[in-house]
Amino acid sequence: MTRPMNIVILTGSGISAESGIPTFRTSGATTFWDYIDSGGVRRSHPVEEVCTPEAFARDPALVQHFYDQRRAALAAAEPNAAHHALARLDSAWAGELLIVTQNVDDLHERAGATRLLHMHGALRSAWCLACDGRSAWDGPLEQGPSCPACGAAGALRPDIVWFGEIPYGMERIDRALERADLFVSIGTSGAVYPAAGFVRTARYHGAATLELNLEPSGGSIFFDETRLGPAGQLVPEWVDALLG
Ligand code: NAD
C-alpha cells in the first residue's frame with residue numbers, strides 16, 4: 001500500500017475498566033451500575049431505569065443523582081496504558097484515524113487523543129432543554145442549576161445519549177467506516193447498536209477487522225482476528241507493533 005492505512009477504532013467501557021470505571025457486562029453477566037441513594041444506601045438499577053428518556057421523565061431526580069455520582073467518580077479516575085497508547089497512535093499516525101468511543105468518560109482526551117468522537121455523549125457536558133446549548137459541566141445537576149448560556153433554571157440534563165436516542169456523529173462515523181482499511185474494536189461487548197454493527201459495515205467496505213477484548217464478544221465471529229486479554233496490555237502491544 002502506497003499510502004498509510006485509514007484506521008477506525010471503536011472503544012467501549014472495557015478500555016476504562018482498568019481505570020476503575022465499571023463496565024456494564026463482563027463474563028456474560030449484566031452488572032447494573034449501582035449508586036448511593038439520598039439516604040446513603042447502596043442500590044443497583046437496571047440500565048433501563050436510569051439510562052432512558054422514559055426514566056428521566058418518570059424520575060428526573062434519580063437519573064440526575066445517578067449521573068452526578070458517575071461524574072464525581074470520574075474526577076478520581078486516570079487514563080490507563082490503553083488510553084495513552086491510542087493517544088500516541090493518534091499523534092503519530094499519518095493516515096486518517098478516528099477513535100469512536102461509546103464511553104461517556106473523558107479518559108481518551110485526558111490521555112491526549114484529538115481525533116475522537118463521543119457517540120454516546122459525555123459526562124462532563126450538560127445539555128439545556130430550554131436553549132438546546134451544550135456547556136462544559138463538572139458539578140452536580142440534581143439541584144436544577146441554571147444554564148450558563150441562557151440562564152434557564154432546572155433545564156439542564158446530562159449530555160448522554162440514552163437507550164432509544166440517536167447517537168452523535170453517525171454521518172462522520174459512516175464516512176470513516178467506508179474509507180477504513182482497518183477497523184479495531186476495543187473493550188466492547190458488541191451488544192449495543194448501532195456500534196455493534198460497525199464491524200460489518202467496515203468489512204463490507206473492505207477493511208481488515210481486529211478485536212481486542214477480555215473475552216469473545218457478541219460480534220467476535222465478524223472479526224478477522226480476536227486477541228483476548230486486558231486492554232492495558234493488548235492495546236500498547238498492538239500500537240507498538242503498528243508504529244514499528
Ligand atoms: P459493556 O459493559 O457492554 O462491555 C464491556 C466489554 O469490555 C465486555 O465484553 C468485557 O469483557 C470487556 N472488558 C472488561 N474489562 C476489560 C479489560 N480490562 N480489557 C478489555 N476488555 C475488557 O460495554 P460497552 O460495549 O461499551 O456497551 C455498554 C454501554 O455502556 C456503552 O454504550 C457505554 O456508553 C456505556 N458505558 C460507558 C462507560 C464509560 O464511559 N466508561 C462505562 C459503562 C458503560
Side-chain angles (χ1 to χ4, degrees), residues 1-17 23-26 28 30 47 51 82-83 85-104 108 113-122 160-229 231 234-244:
M1 188 172 289
T2 51
R3 60 170 174 81
M5 287 190 297
N6 295 336
I7 303 175
V8 176
I9 300 164
L10 173 69
T11 68
S13 63
I15 198 169
S16 296
T23 63
F24 277 167
R25 302 173 191 83
T26 304
T30 303
V47 289
C51 306
H83 300 102
L86 291 188
R88 204 152 38 84
L89 179 64
D90 179 16
S91 76
W93 195 250
E96 292 177 16
L97 180 141
L98 182 63
I99 301 168
V100 179
T101 188
Q102 300 171 86
N103 294 344
V104 296
H108 281 303
T114 57
R115 291 184 274 182
L116 174 70
L117 194 159
H118 275 278
M119 67 177 290
H120 290 164
I160 304 282
V161 177
W162 285 322
F163 289 98
E165 297 184 320
I166 297 169
Y168 296 149
M170 285 307 298
E171 276 183 29
R172 184 175 167 205
I173 295 169
D174 282 339
R175 273 201 311 276
L177 290 171
E178 284 167 16
R179 296 172 56 79
D181 302 300
L182 175 64
F183 173 79
V184 185
S185 170
I186 303 170
T188 173
S189 62
V192 178
Y193 280 84
F198 291 172
V199 59
R200 274 167 278 176
T201 306
R203 274 178 81 107
Y204 176 80
H205 291 284
T209 55
L210 168 67
E211 173 177 55
L212 308 176
N213 207 45
L214 199 57
E215 58 194 4
S217 73
S220 282
I221 52 164
F222 299 111
F223 287 88
D224 299 323
E225 187 188 354
T226 294
R227 297 181 196 167
L228 300 181
L234 293 186
V235 178
E237 282 174 5
W238 170 67
V239 168
D240 287 346
L242 202 60
L243 294 179

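FYI, the numbering just counts along the sequence from 1. Every value quoted in this text rests on a predicted model; they were computed, and no experiment measured them.
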Using 0.5 Å steps for rounding, measure from the CG atom of Leu243 to the CG atom of Leu89.
5.5 Å
Using every non-hydrogen atom in the two residues, find where Ala85 and Pro236 come nearest and quote the distance to one decimal.
CB-CA, 3.7 Å
Specify the closest pair of heavy atoms between Gly190 and Ala196, including all atoms of both residues, with the distance to one decimal.
O-CB, 3.5 Å
Would you say the side chain of Asn213 lies within less than 4.5 Å of the side chain of Ser185, judging by non-hydrogen atoms?
no
Tell me, do Leu86 and Ile15 make a side-chain contact under 4.5 Å, heavy atoms counted?
yes
Holding to side-chain hydrogen bond (donor to acceptor under 3.5 Å, both in side chains), I want the full list of residues that pass it with Glu178, two or more places apart in sequence or in another chain.
none
I'd like to know whether CZ of Arg88 has more than 12 heavy-atom contacts from other residues, nucleotides or ligands below 6.0 angstrom.
yes
Return yes if some donor-acceptor pair links the side-chain N/O of Asn103 with the main-chain N/O of Gly12 below 3.5 Å, else return no.
yes
I'd like to know if the side chain of Asp90 and the backbone of Arg115 have a donor-acceptor N/O pair within less than 3.5 Å.
yes
Whether the Asp224 and Thr209 side chains hold a donor-acceptor pair (N or O, under 3.5 Å, no angle test) is what I'd like checked.
yes
Residues in ring pair (Phe, Tyr, Trp, His ring centres under 6.0 Å) contact with His118, at least two apart in sequence or another chain
none
Got a second to check how far Met170's CE is from Met119's CE, nearest 0.5 Å?
5.5 Å
Here the gap from Leu10 atom CG to Thr101 atom OG1, rounded to the nearest 0.5 Å, amounts to 7.5 Å
Tightest non-hydrogen contact, residues Val192 and His120, listed as CG1-CE1, 4.1 Å
Ser217: partners by side-chain hydrogen bond (donor to acceptor under 3.5 Å, both in side chains), with sequence neighbours left out
Glu211
Which atoms form the tightest heavy-atom contact between Ala113 and Ala87, and what is the distance?
N-CB, 3.7 Å
Ala180 to Ala207 - nearest heavy-atom pair and separation
O-CB, 3.4 Å
Side chains of Glu215 and Ser220, heavy atoms from C-beta outward: is any pair under 4.5 Å?
no
Taking the side chain as C-beta and beyond, is there a heavy-atom pair between Phe198 and Val8 under 4.5 Å?
no
Rounded to the nearest 0.5 Å, what's the gap from CG on Leu116 to CG on Leu97? Could you check?
10.0 Å
Looking at side-chain heavy atoms only, is the closest gap between Leu177 and Phe183 below 4.5 Å?
yes
Let me confirm one number: the CZ-CG distance from Arg227 to Leu234, rounded to the nearest 0.5 Å.
8.0 Å
Shortest non-hydrogen contact from His108 toward Thr11:
NE2-OG1, 2.9 Å
Out of curiosity, Leu210 CG to Leu242 CG, how far, rounded to the nearest 0.5 Å?
10.0 Å
